[in-house]
Number of protein chains: 2
Amino acid sequence: MSQTVDRALSILPLLAQGPADLGQVAERLGVHKSTALRLLRTLHEHGLVYRQQDQRYRLGARLFALAQEAVENLDVREIAHPHLVELNQNCGHTVHLAVYEENEVLYIDKVESRYPVRMYSRIGKPVAITVAAVAKLLLADLSEAERRSVADKLDYPMYTPRSTPGAAAFLKELAAVREQGWATDLGGHEESINCVGAPIRGADGRVVAAMSVSAPNVVVTAEELLTLLPLVRRTADTISREYSGSNRPKKV
Amino acid sequence: MSQTVDRALSILPLLAQGPADLGQVAERLGVHKSTALRLLRTLHEHGLVYRQQDQRYRLGARLFALAQEAVENLDVREIAHPHLVELNQNCGHTVHLAVYEENEVLYIDKVESRYPVRMYSRIGKPVAITVAAVAKLLLADLSEAERRSVADKLDYPMYTPRSTPGAAAFLKELAAVREQGWATDLGGHEESINCVGAPIRGADGRVVAAMSVSAPNVVVTAEELLTLLPLVRRTADTISREYSGSNRPKKV
DNA sequence: AATGGGTGTTGCACATGTTGCAATCACATC
DNA sequence: GATGTGATTGCAACATGTGCAACACCCATT
């Protein structure tokens, strides 16, 4: 909508891939060097872009600070956190909290497993959307049309033989999740890791976030993990109630 | 330098404080509503801004993803990480890695304490710059003029009675740190928490990052923590060597 | 139903801010 | 000291962004 801003913002994902010098930025942006320079300067003044000693540009510090402030202002996260910790203390496994936003699902909180074997994930990192239990929960709550539209847009990487193979299978899985009110990921992302998850709902019943417990096979089998389901659901419901109470919908 | 981009970017910190509606954004930006709308739309298209159900805007998901990608591409971080983990396994305490950038010091990596009592901190969060050991290390390496300039610009909040009280004291401390090649924070940020830190240097000898070990009084006394200093310094030196090797300076 | 205040949104004429060029500078390397 | 690469600046042309005013919309009142 605004050409200049559009160009400037296009620089960010470009630099996210690694540092680049003025010429590279200009070329990949399709503009004259002088134009790129001015845009970079503006980004620099706002701290979103940093200039290293060798003159190349990379993403700057304020970006982290912003992302940090943003995530800390999310109501759900704040309310959920103590409950996630408690759950972690009860079962010892890694606990995740995730939200859906514009075709992406991302972790906004995490409590690390107390076992030495941990799974890799990081707050802010986009979730493997086609297989993760939290992703299924969040997408399952969308309208029929939205689910279809999102499912069509996605890629279906076969992380493991048990990954969701395509849109049809995914939609079927979402329907099942919607029906039963909880979700699993049994080795769909990494062969040896299983998850059980449950949705967190706002006062209007819509899913605002999803949480899950993950553990590797070497610690507990999938069956054992499933016995935690009631506990996970209870925790999610507690958070839902607390969230609904403090956050009465202003509209709708 | 670019008015439009400048205005658009000014929206981000504004939204970081909490969601705002179109009118508020326009007012705080000092522009017409229609202008603010177009800027917000552009930010929205790039995923930096999200529109919630009640029409208000808040920071968007892509911001996290960007910050995430950026931090993962930092060379020092990648090289340092395994060493930080090893150090953590040897001593059990929380280990931090931080860099300096444009008047800010921020954590770029962290390995959690294995003790139940943990200190609060988070990757991406700006460090308490006047008291943290890592901040002292990073600032101590700046030129005399830069140190003076930064020291003057800072605030000196008295987190505890042992916080650095002002610019003069801070500069003196920096000189000492520069001299001795390591730094501490003994209860300067939180009464009961102590840190010891050491610098990580590039091939040209300049400090590129700093690391520290932190532990609360209840776990180890300050004296006991100081006995870890040789280990911390050794780890920092190892990282420095590895970093210098893989990262020969292109210029200067 | 009708009214009114509060939003967010669109179309448009004007001029401001942005663009690309070409020239210049900074700084290596040969 | 010449040569090449990349960053930077000044400037004139004009594409872009701007504010205005009108409109659409939602909700609360009467």
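Within every chain, numbering begins at 1; the chains are lettered A, B, ... in the order of the sequence lines, protein sequences first and strands thereafter.
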- Query: Taking atom P of dT19(C) as reference, at what distance in whole Å does atom CG of Leu40(A) sit?
  - Reply: 12 Å

- Residues in side-chain contact (heavy atoms from CB on, under 4.5 Å) with Glu146(A), at least two apart? Leu142(A), Ser143(A)

- Item | Spacing of His44(B) atom NE2 relative to dG8(C) atom P, expressed in whole Å | 15 Å

- Query: Who pairs with Arg28(A) by salt bridge (Lys or Arg N to Asp or Glu O under 4.0 Å), at least two apart in sequence or on another chain?
  - Reply: none

- Flag if over 12 foreign heavy atoms under 6.0 Å of CG, Asp152(B): yes

- Message: Need the bend value for the helix from dT9(C)-dA22(D) to dC30(C)-dG1(D): angle between end axes, 5 pairs each end, nearest 10°.
- Response: 50°

- Tell me which residues in residues 5-31 of chain A put a heavy atom below 4.0 Å from DNA chain D, sorted by number, or none. Asp21(A), Leu22(A), Gly23(A)

- Among pairs that include at least one residue of residues 127-139 of chain A, which meet salt bridge (charged side-chain N to carboxylate O under 4.0 Å, His left out), considering only residues two or more places apart or in two chains? Lys136(A)-Glu173(A)

- Query: What class does the angle between the rings of Phe170(B) and Tyr156(B) fall in, given that below 30° is parallel, 30 to 60° is tilted and above 60° is perpendicular?
  - Reply: perpendicular

- Task: Sequence neighbours left out, what passes side-chain hydrogen bond (donor to acceptor under 3.5 Å, both in side chains) with Arg234(A)? Give chain and number order.
- Result: none

- Within less than 4.0 Å of OP1 or OP2 of dG17(D), is there a side-chain N or O belonging to Thr35(B)? no

- Message: With a 4.0 Å limit, can you tell me whether Arg56(A) has a side-chain N or O closer than that to the phosphate oxygens OP1/OP2 of dA7(D)?
- Response: no

- Task: Under the side-chain contact (heavy atoms from CB on, under 4.5 Å) rule, collect the residues that match up with Ala132(A), sequence neighbours excluded.
- Result: Val127(A), Val134(A), Ala135(A)

- Item | Side-chain N or O of Thr4(B) closer than 4.0 Å to phosphate OP1/OP2 of dG17(C) | no

- Could you check how far CD of Gln3(B) sits from P of dA15(C), rounded to whole Å? 16 Å

- Item | Pairing residues for Glu69(B) by the side-chain hydrogen bond (donor to acceptor under 3.5 Å, both in side chains) criterion, not counting sequence neighbours | none

- Could one point to a donor on the side chain of Lys33(A) or the base of dG6(D) with an acceptor on the other under 3.5 Å away? no

- Task: List in chain and number order the residues that pass side-chain contact (heavy atoms from CB on, under 4.5 Å) with Glu144(B), two or more places apart in sequence or in another chain; answer none if no residue qualifies.
- Result: Arg147(B), Arg148(B)

- Sequence neighbours excluded, the answer for salt bridge (Lys or Arg N to Asp or Glu O under 4.0 Å) partners of Arg51(A) is none

When the side chains of residues 31-44 of chain A are checked against the rest of the protein, which donor-acceptor pairs come out under 3.5 Å, sequence neighbours left out?
| residue | atom | partner | partner atom | Å |
| --- | --- | --- | --- | --- |
| His32(A) | ND1 | Ser34(A) | N | 3.2 |
| His32(A) | ND1 | Ser34(A) | OG | 3.0 |
| Thr42(A) | OG1 | Arg38(A) | O | 2.9 |
| Thr42(A) | OG1 | Ser2(B) | N | 3.2 |
| His44(A) | ND1 | Val49(A) | O | 3.4 |

- Query: Quick one: which of dG17(C), dA7(D), dT9(D) gets closest to the side chain of Arg41(A)?
  - Reply: dT9(D)

- Gln55(B) side chain near dG8(C) phosphate (N/O to OP1/OP2, under 4.0 Å): no

Dump every N/O contact between nucleotides 21-24 of chain C and the protein below 3.5 Å, one line per pair.
| residue | atom | partner | partner atom | Å |
| --- | --- | --- | --- | --- |
| dC21(C) | N4 | Ser34(A) | OG | 3.4 |

- Starting at atom CE of Met1(B), determine the distance to atom P of dG10(D), rounded to an integer number of angstrom. 11 Å

- Query: With nearest nucleotides of DNA chain D determined for Leu37(A) and Ser2(A) from heavy-atom distances, which residue corresponds to the more 5′ nucleotide?
  - Reply: Leu37(A)

